[in-house]
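Proteins get letters first, then strands, A, B, ... in listed order; numbering begins at 1 in each. Source: prediction; values computed, not measured.
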Amino acid sequence: MTQAPFGRRRGVLASIRKVGAYHLLEVVDRGGPDPEPGQFYMLAAVSGWGAGTDERPFLPRAFSCMGGSAGRVWFMLEDIGPGTHRLARLQKGEPLWLTGPLGHGFRMPEDGRRPILTGGGVGVPPLVMWSQALVERGARPTLQFGFRDAAHAAVAASFDTVQIATDDGSVGHHGLVTELLAAELHRDPHATVYSCGPPGMLEAIRRMCLEREVPAQLALESGMACGFGACFGCVVPLSGGGYARVCVDGPVLDATAIDHVPAH
Amino acid sequence: MTQAPFGRRRGVLASIRKVGAYHLLEVVDRGGPDPEPGQFYMLAAVSGWGAGTDERPFLPRAFSCMGGSAGRVWFMLEDIGPGTHRLARLQKGEPLWLTGPLGHGFRMPEDGRRPILTGGGVGVPPLVMWSQALVERGARPTLQFGFRDAAHAAVAASFDTVQIATDDGSVGHHGLVTELLAAELHRDPHATVYSCGPPGMLEAIRRMCLEREVPAQLALESGMACGFGACFGCVVPLSGGGYARVCVDGPVLDATAIDHVPAH
Amino acid sequence: MSAVDFCGIELAHPIVNGSGTFDAIAAHAVFGDALLEDFPFSAFVSKTITLAVRDGNPPPRLWETPSGMINSIGLPNKGLAGYLEHDLPKLAALPVPLITNVMGSTAGELCELVAACDGQEAIRAIELNVSCPNVKTGLDIGADPASLAEVMRAVRPQTAKPLIVKLTPNTADVALVAAAAEAEGADAVSLINTLRATAQHPDGSGRPWLGGVTGGMSGPAIRAVALAQVTAVAARVSIPVVGMGGVQRGEHAAQLLRAGATLVAVGTESFRDSAAGSRIARELDRLEAR
Amino acid sequence: MSAVDFCGIELAHPIVNGSGTFDAIAAHAVFGDALLEDFPFSAFVSKTITLAVRDGNPPPRLWETPSGMINSIGLPNKGLAGYLEHDLPKLAALPVPLITNVMGSTAGELCELVAACDGQEAIRAIELNVSCPNVKTGLDIGADPASLAEVMRAVRPQTAKPLIVKLTPNTADVALVAAAAEAEGADAVSLINTLRATAQHPDGSGRPWLGGVTGGMSGPAIRAVALAQVTAVAARVSIPVVGMGGVQRGEHAAQLLRAGATLVAVGTESFRDSAAGSRIARELDRLEAR
Ligand SMILES: Cc1cc2nc3c(=O)[nH]c(=O)nc-3n(C[C@H](O)[C@H](O)[C@H](O)COP(=O)(O)OP(=O)(O)OC[C@H]3O[C@@H](n4cnc5c(N)ncnc54)[C@H](O)[C@@H]3O)c2cc1C
Ligand SMILES: Cc1cc2nc3c(=O)[nH]c(=O)nc-3n(C[C@H](O)[C@H](O)[C@H](O)COP(=O)(O)OP(=O)(O)OC[C@H]3O[C@@H](n4cnc5c(N)ncnc54)[C@H](O)[C@@H]3O)c2cc1C
Ligand SMILES: Cc1cc2nc3c(=O)[nH]c(=O)nc-3n(C[C@H](O)[C@H](O)[C@H](O)COP(=O)(O)O)c2cc1C
Ligand SMILES: Cc1cc2nc3c(=O)[nH]c(=O)nc-3n(C[C@H](O)[C@H](O)[C@H](O)COP(=O)(O)O)c2cc1C
Ligand code: FES
Ligand code: FES
């Protein structure tokens, strides 16, 4: 697991562009080590971080990295509230606070299982990074991305071999990406599933893999204040009872370790 | 007294330029009536009004107008804290919240007295507006502006007949503008003094005019939350005892009505 | 707008002002009749009136805090006689019912104030500000159920008009105090008043900035505390509750109403926008229409 | 940095962490030895330890507020035995003295916890978290001088180590409670803990967002309340005071020290910047050097 430098540090926005419903941010992170797929960062704008709706944001926000090396890190974010809104309006050259890379990323499939990467919405970025790493390591991942509509699916256009599902059917399969996964597992269950996305999708995939005894690694999202184990806010219930902290014990956790993926 | 439209309204920054230490803002105020010299507005940026030092600003800030007619109002502000800092960084076309024109402005001199306008720092803008009004009404005001240094005095360069004093002597009289006033009153005390500026200067002028029985109208500054009489925060002690609200009873008050100009 | 019955008084909508955060007489002078044509509150609550004239605290009286402010105004007012003579006639002419807020440091003072208000037809309800220190215990009257009950027993008989007890948040269990008010005949309770707070002079000397040394914090910073206290009180008493504390928009008012409040008061936001009351009432109406 | 003597313990500077806002063991795993080389606090205060193991509250446990946050964590911890076995050895290896924070819902539980800490050489001081409800009165132990005094009488004899009473701000007169703690032998008091607060689900249903229903507010929004309470307590007691509440930079720490605090704790700001403690200590040092 790549360790994060202690303390928040300043990054600079190198570029920002909108691809359909998402904003792709490229951040110059001079002091930063290279992140591993599935790790995340806590981000905040240096100036104007507050005074949005309800005087928010105040706490930093968590974002999986979509790629990162040689002092550059990429993020893909959707503007859904005051924090993502402020970040989406960052100008080239503006400074931002970074802590990371944080958490445990994905682990290679065991006993030769083929990797299936099933993501939804802003769950796509870590899977993009993981698929590249898998290819570099000689694996041939199957990618399945689910989106609400064409605007959200636009970001996946640049991938040639990806199965797309959209809720409104405007692109690819008209339905949930979990249906694509079911078909894929039906075809060949000797796989390891890697998933990231909204809680409803993760919970469905957790159950599906449990029933079919298919190993699955879920990259979870949870309300976070710190991202490095200090607040005990980001918990997920464990199948063995009690809670784990998504930020330090995850965000990638074995599906079998989790009692259920909380949706709130 | 020009009455303010009820409620805050949106203005748009038409232009902003720096003149030495000050920022000159021109605001398009379509719905607004023409302000009178000595009146002020409560201003706030529509976006990013907060999250500065100590998460401020929150409340709107008071600014005398330096001029205003046909839906345009001018302000001159010094960046001294989170509120003025945010306003000084407004971009052309950015919206801001306006309430005003507020308060009672200057009144013409009585019994033919000659007007002497003695201002200090950000006390200059209302006197600039008042001097223009006086000239339009056939009076010939004497202007005396005091500044800390050349950077602050630069704004007065565009005035031909103005006596300048600077604390550091870099421009004009090396000393306080109150010394210029003393000389002027010594020369011909049949005058009405109009003054606006830091509390120390106003208090000195109040005493000087009291001793010499010269009528003086002081445009006061005070901590304000509302600007329209709702909070009772902006008080000044009256010579007859009790307090007056600077925002609704002033900001221009007769020097004799005031017990002393509080400095804090 | 959904009309509201509050202690028998018919109000056009649930949004009123918090005492001491709007001066209808001054605002009318500043804004003219536009204020009356679109009066921002469905009822007007006067600034706290005391028996004697009070100048209020020496300046400075204000300090800006993260997402809020501290005030140490010190209840300046014309006193009972001055209020009845100078302010009441004008407030009675407002287009909305008048609620008068009164404070006394002893039960006797409060009785005199309440009795005087009882005699004024234009005063539709009386709000007791019990956030003032009880001379004996040093605690605020409203901070301790026993001292509040004692005061209420003296005050209640003075009037048949609706009596609203305005509670202080600076206490261990606000619901306990609310229950005591209800038990002693309060017709309604209103909360929260400001949170006790202070500020030091920026010169680094450590001396207080506020002339009154300490003051009360208000605005968005206290909203989540207000929601918790209003929720606890509304769950404990069956009399109507007026909820306030950091309300800036319709959603915040809706939350207090969902927590069980009957009316919502807007205070600090009016300093930022003199027409905040009517804006919030419109936003609330749109939310409830859904 | 100006060294500080706190209850006989020599500290490099006045900045410590607030209990429950920094996990030195987890942070070491995340950041590596860099954490130890520039440890952000002059002493480390553990998360509250209870006798029994606690899972803590169901999620969500966090809500962001204007200039702050609410937490309803529910004191998850390994219990006394688990703490002594798993955490203490690692915390004892930290480069700074260890203070252990404990909580019990009865005097008996607290005595057992304090006695166990007394026996551990590595634990230099014990902080009592009395913000938990007293089963009998329903009030927080720390909200009522009498119930605090009763608990202190039982606990004090259990240890000769410095005993710090961490006060709750949710009370009528915090100075009164602090005086009771001092009278019963507390070596120091620390305040403020979080302000009771709540939040509703954004779906507009009115149901609580937090799994624990209510929680505690912290961060810059409570700073002015903390300064008022620390000032009042420091003026009332002569034992050292640890001041906390919304501290973000050196100036805020300096204000609490000017108000009479001996140490200043940083909590929520560490979530925004894991190295906030050392930054604030440096800023404070520069301020005091002037
Ligand atoms: C490990 C991890 C990785 C992530 N990766 C990505 C990514 O790659 N791209 C991306 O776009 N997002 C990602 N997210 C989600 C992202 O962190 C959130 O979208 C962001 O925090 C939302 O902040 P906001 O202020 O924009 O929206 P918010 O207003 O915070 O709303 C987001 C959600 O938070 C809840 N909420 C609403 N108000 C509050 C409040 N006051 N306090 C607390 N919760 C509230 C609601 O459920 C709401 O739907 C990730 C999250 C985690 C934990
Ligand atoms: C009627 C009137 C007319 C004015 N006209 C002008 C003008 O034309 N041009 C101009 O530049 N300025 C003018 N001012 C002053 C202007 O309103 C202030 O400079 C502005 O409010 C400062 O806000 P800030 O956030 O930039 O600075 P702040 O940080 O608010 O500092 C300004 C002063 O406020 C005090 N202060 C510091 N912190 C706080 C706090 N947290 N809460 C409360 N007070 C604090 C200190 O004394 C400090 O020196 C006028 C003021 C009034 C009342
Ligand atoms: C400047 C100011 C003056 C106030 N004066 C009074 C008062 O005279 N009587 C009273 O009961 N409450 C008074 N309050 C408290 C408010 O009525 C209200 O309870 C509190 O401010 C919380 O609401 P808010 O956050 O919307 O302002 C005052 C508040 C402020 C900010
Ligand atoms: C997430 C969180 C967890 C906390 N846990 C504890 C705790 O276990 N014991 C305790 O005494 N205080 C606890 N506190 C209170 C803090 O120690 C501190 O008193 C309070 O947060 C105010 O300081 P701050 O504004 O700097 O955070 C916690 C605070 C937060 C935000
Ligand atoms: S986000 Fe704070 S412990 Fe995980
Ligand atoms: S600024 Fe509010 S009354 Fe004058």
Between C/Ala34, C/Ala26, C/Gly20, C/Gly74, which residue shows the highest count of heavy-atom pairs closer than 4.5 Å to chain B? C/Ala26

Give, for atom OG1 of C/Thr168 and atom NZ of C/Lys166, the distance between the pair rounded to the nearest 0.5 Å. 10.0 Å

Which region of C/Trp63, side chain (C-beta onward) or backbone (N, CA, C, O), has a non-hydrogen atom less than 4.5 Å from a non-hydrogen atom of chain B, or is it both or neither? neither

Let me know if B/Leu102 has heavy atoms under 4.5 Å from chain C in its side chain, its backbone, both or neither. side chain

Measure distances from B/Arg9 to the heavy atoms of chain C and classify the residue's part below 4.5 Å as side chain, backbone, both or neither. neither

C/Glu64/B/Arg56 salt bridge by N-O under 4.0 Å criterion: yes

Measuring heavy-atom distances to chain B, does C/Ala276 have an atom under 4.5 Å in its side chain, in its backbone, in both, or in neither? neither

Please classify the contact between B/Pro5 and chain C as side chain, backbone, both or neither, with a heavy-atom cut-off of under 4.5 Å. backbone

Name the member of C/Gly219, C/Ala27, C/Gly68 that forms the most heavy-atom pairs with chain B at distances under 4.5 Å. C/Gly68

Does C/Lys78 pair with C/Asp87 as a salt bridge, N-O distance under 4.0 Å? yes

Looking at B/Arg89 and B/Asp79, does any basic side-chain N land under 4.0 Å from a carboxylate oxygen? no

Does any backbone or side-chain atom of B/Pro57 lie under 4.5 Å from a heavy atom of chain C? Answer side chain, backbone, both or neither. both

Which answer fits B/Val248, side chain, backbone, both or neither, if we ask what part of it has an atom under 4.5 Å from a heavy atom of chain C? side chain

Segment of C/Pro202 engaging chain B (4.5 angstrom heavy-atom cut-off): neither

How about C/Glu37: does its CD atom have over 12 heavy atoms from other parts shown lying under 6.0 Å from it? yes

Most heavy-atom pairs under 4.5 angstrom with chain C, which of B/Gly103, B/Ser222, B/Pro101, B/Gly242? B/Gly242

Does the ring center of B/Phe106 lie less than 6.0 Å from the ring center of B/Tyr194? yes

Contact winner vs chain B - C/Ser278, C/Pro58, C/Pro76, C/Gly267, heavy-atom pairs under 4.5 Å: C/Pro58

If I measure from the heavy atoms of chain B, does C/Arg279 come under 4.5 Å with its side chain, its backbone, both, or neither? side chain

Taking side-chain hydrogen bond (donor to acceptor under 3.5 Å, both in side chains) as the criterion, tell me which of C/Thr194, C/Asn170, C/Asn193 meets it with C/Ser131. C/Asn193

Would you mind telling me which of B/Gly223, B/Cys247, B/Pro60, B/Ala4 has the largest number of heavy-atom pairs within less than 4.5 Å of chain C? B/Ala4

Chain B contact via C/Asp273 - side chain, backbone, both or neither, heavy atoms under 4.5 Å: both

Parallel, tilted or perpendicular, as decided by the 30° and 60° cut-offs, for the rings of C/Phe22 and C/Phe39: perpendicular

Among B/Ala51, B/Gly52, B/Gly233, B/Gly229, the residue with the most heavy-atom pairs under 4.5 Å to chain C is B/Gly233

Between B/Asp259 and B/Arg206, does at least one N-O distance fall below 4.0 Å, as a salt bridge requires? no

Just checking, is any N or O donor in the side chain of C/Asn57 or C/Ser72 under 3.5 Å from an acceptor N or O on the other one? yes

Could you check whether B/Arg107 pairs with B/Glu36 (Lys NZ or Arg NE/NH1/NH2 to Asp/Glu carboxylate O, under 4.0 Å)? no

B/Ala44 versus chain C, heavy atoms under 4.5 Å apart: side chain, backbone, both or neither? neither

